[in-house]
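Each remark here refers to the structure printed beneath this line.
Quick note on labels: first sequence line is chain A, next is B, and so on, each numbered from 1. As the structure is a prediction and not an experimental result, all values here were calculated from the model.
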2 protein chains.
Amino acid sequence: MSRIDLSLATVDCAACPIRHRAVCASCEGEDLARLAAMKSYRTWKAGETIVLEGQALSFVASVVEGCATLTRSLEDGRMQMVGLLMPSDFVGRPGRTTAPYEVTAATKVTLCMFDRRAFERMMTETPHLAGRLLEMSLDELDAARDWMLVLGRKTAREKVATLLAIILRRAPTAARPLRAELPLTREAMAAYLGLTIETVSRQMTALRKDGLIRLDGARGILCEDLAALIAEAGDDGDGALLT
Amino acid sequence: MSRIDLSLATVDCAACPIRHRAVCASCEGEDLARLAAMKSYRTWKAGETIVLEGQALSFVASVVEGCATLTRSLEDGRMQMVGLLMPSDFVGRPGRTTAPYEVTAATKVTLCMFDRRAFERMMTETPHLAGRLLEMSLDELDAARDWMLVLGRKTAREKVATLLAIILRRAPTAARPLRAELPLTREAMAAYLGLTIETVSRQMTALRKDGLIRLDGARGILCEDLAALIAEAGDDGDGALLT
DNA sequence: CACGTCCATTGACCTGCATCAAGGCGACGG
DNA sequence: CCGTCGCCTTGATGCAGGTCAATGGACGTG
């Protein structure tokens, strides 16, 4: 999901510094100004649909705040999450007119949006922008492929441990115990992991009873020993968890 | 996996016309010549490893002939295929130095290779090349996300039907019955689908007994009614199968 | 021809997760 | 204060697919 080093996000644009770095890490003054000139903001409440599957998509955007999900569905309603967008992640596809999956707000979420056509025009005139987007797409591709391994081969316990570890790794402070607030409901976690709500819940309590995590309400999680949790995730030495 | 319309592959390069269209659909004379000047070929036998997981990757390439797989593994040996490369597909990642997954020849396979550094240099000088690679990456991303749905939510029967349908859709002739030679062993099919060999085998015979396919040896498959097979795959109206 | 290797098939059995069903708990409104 | 709604947890049960094991066919080799 094309995560950007937020420590770089020190750009001279008060409104959404993160986004500008994310879209165009090497943009200089004038390009940055042009990007800034054509942006607009919009906010959705948790649970609202941002784009329907198959719908025409007239904008590209990046997440300023909150958390959004990408999902695809089978005709009988079974649903799989295929992407999780966090602040600084990019939404939309230059050169594509329709959305191949549904975009939904997981929490209250704010996007910084650009008209797709205008953005594409700028891409042709600003060569390194395409290179930057390519890099971000490759990051997303890596993340998608890591998730294919999770979905295809991990047990329920490993799946849940994997997701918790990923979220805990982003914890705002490094002090032990690590603490994070889950941006996802059990339903969203299940959609992400290819499980049911019940199985997610059972594995959460199992991890708690085994002393690997503690729960603080339904959404707060605490972890004394992240390495132990990562060991439960069954990853090889190379996995996304360790990068 | 960035499939290219092969009907466009009428380019004035005798050795590997497909590849040039694939890498740079809009390249004109001079650019094409520069690409051609720095290429080299290499062939692997079925089963050989092309690149190890985590290994430095000094080239980018495209598949001229045959079939290669991308796989990722857990530490205990469980393995998941995360990509299947067919002729005209692109391998390698401009801007990345190491391979995040293992690349293996599924059949005898020939790659047309470029030194990665030289290719990257050319990218900076040939703006539309980055745009083209972005488009290909987005195709791969779509394919990966479709597979996440397959891995996370489909039953074994649906998974096998999905894979067979994808392969039959590429059948060289449209005459009924459709006929295709599987480029994959049962083991590779299982790796792709997140199943075991035995389950793949059982579902193949179940589909045969239900009259949806016929088998011709271990690798040949025949299908009178592709629509019926696609119905078994459980896809929504939007799926990759119907495009 | 006998033998070994590789790949696929089939059967018997078991287990991990889905399914179905019943509460629990906190937030919010009347 | 109570009722209700959304979200989560827990229990009981069943089955899809994994695991273990045996067999068979295709092919190459001594």
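The residue B/Arg153 sits apart from the nucleic acid: no heavy atom pair falls under 4.0 Å. As judged by a 4.0 angstrom heavy-atom cut-off over every strand, B/Arg157 is placed among residues making no nucleic acid contact.
For A/Arg186, the listed nucleotide lying nearest its side chain is D/dT9; candidates were C/dA18, D/dG18, D/dT9. Counting only heavy atoms from C-beta on, B/Thr199 has its side chain closest to D/dG17 among D/dC8, C/dC17, D/dG17. Nearest nucleotide to the side chain of B/Thr205, out of D/dG17, C/dT10, D/dT10: C/dT10. The nucleotide whose nearest atom lies closest to any side-chain atom of A/Glu198 is, among D/dC8, D/dA21, C/dA21, C/dA21. When distances are taken from the side chain of B/Ile197 to each of D/dT10, C/dT9, C/dC17, the shortest belongs to C/dT9.
Of the side-chain N and O atoms in B/Ser201, one or more sit less than 4.0 angstrom from OP1 or OP2 of C/dT9. Remark: B/Thr196 is not in phosphate contact with D/dG17, judged by side-chain N or O atoms under 4.0 Å from OP1 or OP2. Note on B/Thr185: every side-chain N or O is 4.0 Å or more away from OP1 and OP2 of C/dC7.
Remark: the backbone N or O of A/Arg96 is paired with a side-chain donor or acceptor of A/Arg116 at under 3.5 angstrom.
Within 6.0 Å of CD on B/Glu48 lie more than 12 heavy atoms contributed by other residues, nucleotides or ligands.
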